[in-house]
Amino acid sequence: IPHMDVQEKASAIVRVPGSTSNIGPGFDCMGIALNVHNEVQVARLDPTGSQLESPEHPMVRETAERFFETAKADPFPFSWSISGEVPISRGLGSSVTLRQGILQGLNSLLGNPVDREGLFILATALEGHPDNASAGVYGGFTCTNAAGKCVRFVVDPKLKFLLLIPERELLTEASRQCLPETLAHREAVQSVGNACMITAAFASQDYELLRGSLDDWLHQLYRQAGNPGLVEVITAGTSAGALGGFLSGSGSTMACVSTAEGVPLQRIAEAMRKAYSFIGDARLVITEADNLGATTLEA
């Protein structure tokens, strides 16, 4: 594993973007980093000192153990904290912000023995799928395959993401249980065609190609029952001028995309809010992509 920096540190702060994944038919393959972030602070503790470790957290413990094993480094005690804008269990990559923050923070404390690709591989293994991990690590629009290869494209800030974030949480593992074991051939082909068109849209930055290409038959159809209002919100946003919409990750967040500005953009937002108001409480965030990915700040 190549060494990037031999200087070890006492503490580090890592800023990790939240992300939206699947993007309709890009199930477990596509992710987009968003301009909403969490910051994770990691600090080395003196084993003989009186500092208090942070409360035990299964995800942090597993992440740290895997990192020290990969870096071939002796484990050491550390404290950690997380803060920011990415809500938990809403389909916006909150688990990646914590895992990548711990990985990159510990890496920084040891002088960066693991390169960025190595951190991505670790984050993917811990997450179980690469879509949010790739976006959180690299930023921009990312598409990955089963072999772990990742391709990234810069997203023009003119493309806006309208995120309707319900108050209720939705656990990814629970949502996956509703997915079928097999798919009809026709539905699979339609989804693959749309996924190709989405990739072309982001590769060329011709976002008009997204219009009509976000329909999916791989997972969204089966997750509608657990995400009430999904069809209504997407239909309302699209009718108001959005290029289209999709379920963010496994939910509960629902997203529409648009290159509109000003009043037309607000019109889309209001249509989405109104469509969901019959279901429950939610807030709406308008943002753009983050093209930087996880960044280590000065502690």
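All of these numbers come straight from a predicted model, not from anything done at the bench. The figures that follow rest on heavy atoms only: side chains count, while hydrogens, waters and symmetry mates do not. Nothing fancy with the numbering, it's 1 onward along the sequence.
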Got a second to check how far [X]'s [atom1] is from [Y]'s [atom2], nearest 0.5 Å?
{"X": "Phe141", "Y": "Ser134", "atom1": "CZ", "atom2": "OG", "result": "9.0 Å"}
{"X": "Phe120", "Y": "Leu103", "atom1": "CZ", "atom2": "CG", "result": "12.5 Å"}
{"X": "Cys256", "Y": "Leu164", "atom1": "SG", "atom2": "CG", "result": "9.0 Å"}
{"X": "Asn291", "Y": "Asn35", "atom1": "CG", "atom2": "CG", "result": "9.5 Å"}
{"X": "Glu62", "Y": "Ile102", "atom1": "CD", "atom2": "CD1", "result": "12.5 Å"}
{"X": "Thr295", "Y": "His37", "atom1": "OG1", "atom2": "NE2", "result": "7.5 Å"}

Next on the checklist: Could you check whether Ser248 and Thr253, counting side-chain N and O atoms only, form a donor-acceptor pair closer than 3.5 Å?
Outcome noted: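 Thr253 vs Ser248: no donor-acceptor pair found between side chains.
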
Does some side-chain heavy atom of [Y] sit less than 4.5 Å from a side-chain heavy atom of [X]?
{"X": "Leu210", "Y": "Phe246", "value": "no"}
{"X": "Tyr138", "Y": "Arg116", "value": "yes"}
{"X": "Phe278", "Y": "Glu232", "value": "no"}
{"X": "Thr70", "Y": "Ile121", "value": "no"}
{"X": "Thr199", "Y": "Met30", "value": "yes"}
{"X": "Leu106", "Y": "Phe76", "value": "yes"}
{"X": "Gln104", "Y": "Val42", "value": "no"}
{"X": "Val257", "Y": "Leu214", "value": "yes"}

Checklist entry - Of the non-hydrogen atoms in Pro17 and Gly136, which two are nearest, and what is the gap between them? => result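 Closest approach of Pro17 to Gly136, heavy atoms only: CD-O, 3.6 Å.
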
Next on the checklist: Could you work out, with side chain to side chain donor-acceptor pair (under 3.5 Å) as the rule, every residue matching Glu270, not counting sequence neighbours?
Outcome noted: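 For Glu270, the residues satisfying side chain to side chain donor-acceptor pair (under 3.5 Å) (neighbours in sequence not counted) are Arg273.
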
Next on the checklist: Evaluate Leu92 against Thr97 for side-chain contact (heavy atoms from CB on, under 4.5 Å), listing each step before the verdict.
Outcome noted: CA-CA 9 Å; Leu92 291 171; Thr97 67; over 6 Å; no

Checklist entry - Pick one: which of Val155, Thr20, Val285, Asp290 meets side-chain contact (heavy atoms from CB on, under 4.5 Å) with Leu34? => result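 Output: one option passes, namely Thr20.
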
Around atom [atom1] of [X], are there more than 12 heavy atoms from other residues, nucleotides or ligands closer than 6.0 Å?
{"X": "Glu167", "atom1": "CD", "result": "yes"}
{"X": "Asp74", "atom1": "CG", "result": "no"}
{"X": "Asp206", "atom1": "CG", "result": "yes"}

Next on the checklist: Please determine whether side-chain contact (heavy atoms from CB on, under 4.5 Å) holds for the pair Leu163 and Arg283, giving the CA-CA distance in whole Å, both sets of side-chain angles, and the decisive distance to 0.1 Å.
Outcome noted: CA-CA 8 Å; Leu163 310 173; Arg283 62 191 178 95; over 6 Å; no

Checklist entry - Is a salt bridge present between Arg211 and Glu208, judged by a nitrogen-to-oxygen distance below 4.0 Å? => result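 Salt bridge flag = yes for Glu208 with Arg211.
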
